[in-house]
> 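If you scroll down you'll find the structure; I have some questions about it.
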Number of protein chains: 2
Amino acid sequence: MDNNQLFQKFVAFSAAVHQITNDITKDVKSEALTPLQYKILEYIAVSQPVTLSEVSDCMQMSMPNTSREVKKLSEKGVCTRITDPDDRRKQGITLSAAGEALMNEAFQQIAVRFEQRIAGITAAERKEIEQALDLLQQKVFY
Amino acid sequence: MDNNQLFQKFVAFSAAVHQITNDITKDVKSEALTPLQYKILEYIAVSQPVTLSEVSDCMQMSMPNTSREVKKLSEKGVCTRITDPDDRRKQGITLSAAGEALMNEAFQQIAVRFEQRIAGITAAERKEIEQALDLLQQKVFY
DNA sequence: CCCTTTAGTTATCATTTGATAACAAAAACA
DNA sequence: TGTTTTTGTTATCAAATGATAACTAAAGGG
């Protein structure tokens, strides 16, 4: 039943992460973007270049809906699509300059709030945190 | 600039947690509940008894919308509201028996998937993971 | 060369979610 | 006691998201 205890911790922890990150990213999203669009853009930012299918898979949304939302994003000028010369069905989606700027600004704000949150932490603690992040990402959240 | 590196790790980590938990809880939600309703129920399950205002705060949604969704949940028979005798404006929201059953089933499924994920881990690693979860929850995601 | 599969698009409709105004009742307070 | 604040409700509307069908074009495979 030790397994169950670990699971309890996992659930509580995941809930905490969701809550804190929601809190931190709250009203960061540009007025021009819907929440979904912001999330998609965030995904593009981290994984670019990506294909439509990859966005669809990762965001767990249907191709038609993905197509629609990404189309809106490129109409808003925050991302660019270039047809893959090797397979002209595919397109590489990347952030445009405007998109990069927008996401930089967002991350900037998030960074500020993150730093407030860990303000007054010692160097040793920081080291511990880094190691814990690495460990969990490697063994649980991979 | 060490701060910035830690922040990078934090962002990557949060993204990973979101993705994995989304994956794990995917299609766990009962057919009878919308995603929002499932999240609210999950929150009630963890924090019961809660008031409408607390749900509203925590889920970052307006009181009217919170009222509507919680009303739907109680109409579906998964939660119960009892007026606080000390302050009859407030109501304590808890899971009903059916709600408990539903959430138990959901957690059961999530637990199974979690265990698959950490299958083949040594006792020492398990210990490390537990400590890492505790540390982060205490120092970052509090 | 035909057939199938993969990648993506467009259109349309239903449902969910968000926002706002107008309200009621209990509690707090002056 | 009368007024204000807190807690919640109801109704209504707009916008976002989800689901599905019908389609195009390129690639792959026999």
Side-chain angles (χ1 to χ4, degrees), chain A residues 18 22-23 25-44 47-76 78-94, chain B residues 18 22-23 25-44 47-76 78-94:
Chain A
H18 273 86
N22 273 347
D23 227 61
T25 56
K26 185 185 173 180
D27 50 62
V28 159
K29 15 191 176 287
S30 155
E31 339 78 52
L33 300 183
T34 69
L36 219 211
Q37 284 165 8
Y38 176 79
K39 277 193 184 172
I40 294 175
L41 205 62
E42 205 172 49
Y43 171 64
I44 297 174
S47 314
Q48 60 184 321
V50 294
T51 66
L52 251 201
S53 309
E54 284 168 342
V55 176
S56 166
D57 271 8
C58 238
M59 309 294 293
Q60 300 177 194
M61 53 195 286
S62 70
M63 277 296 282
N65 292 336
T66 309
S67 179
R68 176 183 58 198
E69 295 310 318
V70 170
K71 187 182 175 191
K72 285 182 194 163
L73 286 175
S74 46
E75 279 167 0
K76 288 177 182 183
V78 293
C79 75
T80 317
R81 313 199 254 182
I82 26 176
T83 305
D84 181 343
D86 292 341
D87 183 341
R88 286 165 44 226
R89 290 170 305 182
K90 298 186 186 172
Q91 33 187 269
I93 306 170
T94 51
Chain B
H18 273 85
N22 273 347
D23 227 61
T25 57
K26 185 183 173 182
D27 50 59
V28 159
K29 14 192 177 291
S30 153
E31 341 77 52
L33 300 182
T34 69
L36 218 211
Q37 285 166 9
Y38 176 80
K39 276 192 184 174
I40 294 175
L41 205 63
E42 205 173 48
Y43 171 64
I44 297 174
S47 315
Q48 61 183 324
V50 294
T51 66
L52 250 200
S53 309
E54 285 169 340
V55 177
S56 166
D57 272 9
C58 238
M59 308 294 295
Q60 301 176 194
M61 51 194 289
S62 71
M63 277 295 284
N65 292 336
T66 308
S67 179
R68 175 184 59 197
E69 296 308 320
V70 170
K71 187 182 176 192
K72 285 181 194 165
L73 286 175
S74 45
E75 280 167 359
K76 289 178 181 183
V78 294
C79 75
T80 319
R81 312 199 255 181
I82 25 176
T83 304
D84 181 345
D86 292 341
D87 183 341
R88 286 169 40 228
R89 291 170 303 182
K90 296 184 186 174
Q91 34 188 268
I93 306 170
T94 52

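Protein chains get the first letters and strands the later ones, always in sequence-line order, with residue 1 at the start of each. All heavy atoms count here, side chains included; hydrogens, waters and symmetry mates do not. All of these numbers come straight from a predicted model, not from anything done at the bench.
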> From Leu33(B) CG over to Lys39(B) NZ, what is the distance, rounded to the nearest 0.5 angstrom?
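Nearest 0.5 Å value for the CG-NZ distance: 13.5 Å.
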> Under the side-chain hydrogen bond (donor to acceptor under 3.5 Å, both in side chains) test, which residues partner Tyr43(A), sequence neighbours left out?
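With sequence neighbours excluded, Tyr43(A) shows a side-chain hydrogen bond (donor to acceptor under 3.5 Å, both in side chains) to no residue whatsoever.
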> Could you tell me how far apart Gln91(A) (CD) and dA7(C) (P) are, to the nearest whole angstrom?
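Going from Gln91(A) (CD) to dA7(C) (P), I get 12 Å.
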> The side chain of Leu52(A) is closest to which nucleotide in this list: dA27(C), dG8(C), dT10(C)?
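Comparing dA27(C), dG8(C), dT10(C) against the side chain of Leu52(A), the answer is dG8(C).
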> Nearest-Å distance, CZ (Arg88(A)) to P (dT24(D))?
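Computing the Arg88(A):CZ to dT24(D):P distance gives 18 Å.
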> Does some side-chain heavy atom of Ile82(A) sit less than 4.5 Å from a side-chain heavy atom of Gln91(A)?
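When only atoms from C-beta onward are counted, Ile82(A) and Gln91(A) do not touch, as no gap falls below 4.5 Å.
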> Are any of the side-chain heavy atoms of Thr51(A) and Ile93(A) separated by less than 4.5 Å?
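Sidechains of Ile93(A) and Thr51(A): no contact.
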> Under 4.5 Å between any side-chain heavy atoms of Met59(B) and Ile40(B), yes or no?
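In contact.
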> Looking only at non-hydrogen atoms, find the nearest pair between Thr94(A) and Pro49(A) and report the distance.
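Scanning both residues, the minimum pair turns out to be CG2-CB, 3.6 Å.
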> Would you jot down, in residue-number order, the residues of residues 79-86 of chain B having a non-hydrogen atom under 4.0 Å from DNA chain D?
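Within this stretch, Arg81(B) sit under 4.0 Å of the strand.
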> At 10 degrees resolution, what angle do the end axes of the helix from dC1(C)-dG30(D) to dA30(C)-dT1(D) form when each is taken over five base pairs?
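About 30° separates the two local helix axes.
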> Rounded to the nearest 0.5 Å, what's the gap from CD on Gln37(A) to CG on Leu73(A)? Could you check?
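The CD atom of Gln37(A) sits 5.0 Å away from the CG atom of Leu73(A).
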> If I compare all heavy atoms of Ser56(A) with all of Met63(A), which pair ends up nearest, and what's the gap?
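Residues Ser56(A) and Met63(A), closest heavy atoms: CB-SD, 3.8 Å.
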> OP1, OP2 of dT6(C) versus side-chain N and O of Arg89(A): anything below 4.0 Å?
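Looking at the OP1 and OP2 atoms of dT6(C), neither is under 4.0 Å from any side-chain N or O of Arg89(A).
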> Check each residue of residues 54-63 of chain B for a non-hydrogen atom within less than 4.0 Å of any atom in DNA chain D, then write out the ones that pass by number, or none.
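The answer is Met63(B).
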> Does Lys90(A) use its side chain to pair, donor to acceptor, with the backbone of Thr83(A) at less than 3.5 Å?
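Between the backbone of Thr83(A) and the side chain of Lys90(A) there is no qualifying donor-acceptor contact (under 3.5 Å).
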> Within the structure provided, determine whether Thr80(A) and Ser74(A) are in side-chain contact (heavy-atom separation under 4.5 Å).
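In short, these two side chains do not touch, never coming nearer than 4.5 Å.
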> Can you name the atoms? Protein N/O to nucleotides 15-17 of chain C N/O, anything below 3.5 Å, with the distance.
from	atom 1	to	atom 2	distance (Å)
dT17(C)	OP1	Leu36(B)	N	3.1
dT17(C)	OP2	Thr34(B)	OG1	2.7

> Could you give the distance from OG (Ser47(A)) to CD (Glu54(A)), rounded to the nearest 0.5 Å?
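Interatomic distance, Ser47(A) OG to Glu54(A) CD, rounded to 0.5 Å: 8.0 Å.
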> May I have all residue pairs that pass salt bridge (charged side-chain N to carboxylate O under 4.0 Å, His left out) and include part of residues 55-70 of chain B, sequence neighbours excluded?
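Matches after skipping sequence neighbours: Glu69(B)-Lys72(B).
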> Using a 4.0 Å heavy-atom cut-off, does Thr66(B) contact any base of the nucleic acid, only the sugar-phosphate backbone, or nothing at all?
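Nothing, no nucleic acid heavy atom in range.
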> Among the candidates dT7(D), dT20(C), dA7(C), find the nucleotide nearest to the side-chain atoms of Lys90(A).
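For Lys90(A), the side-chain atoms sit closest to dA7(C).
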> Heavy atoms, side chains only, cut-off 4.5 Å: are Lys71(B) and Arg81(B) in contact?
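Sidechains of Arg81(B) and Lys71(B): in contact.
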> Do the side-chain N or O atoms of Lys71(A) get closer than 4.0 angstrom to the phosphate oxygens (OP1, OP2) of dG8(C)?
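Looking at the OP1 and OP2 atoms of dG8(C), neither is under 4.0 Å from any side-chain N or O of Lys71(A).
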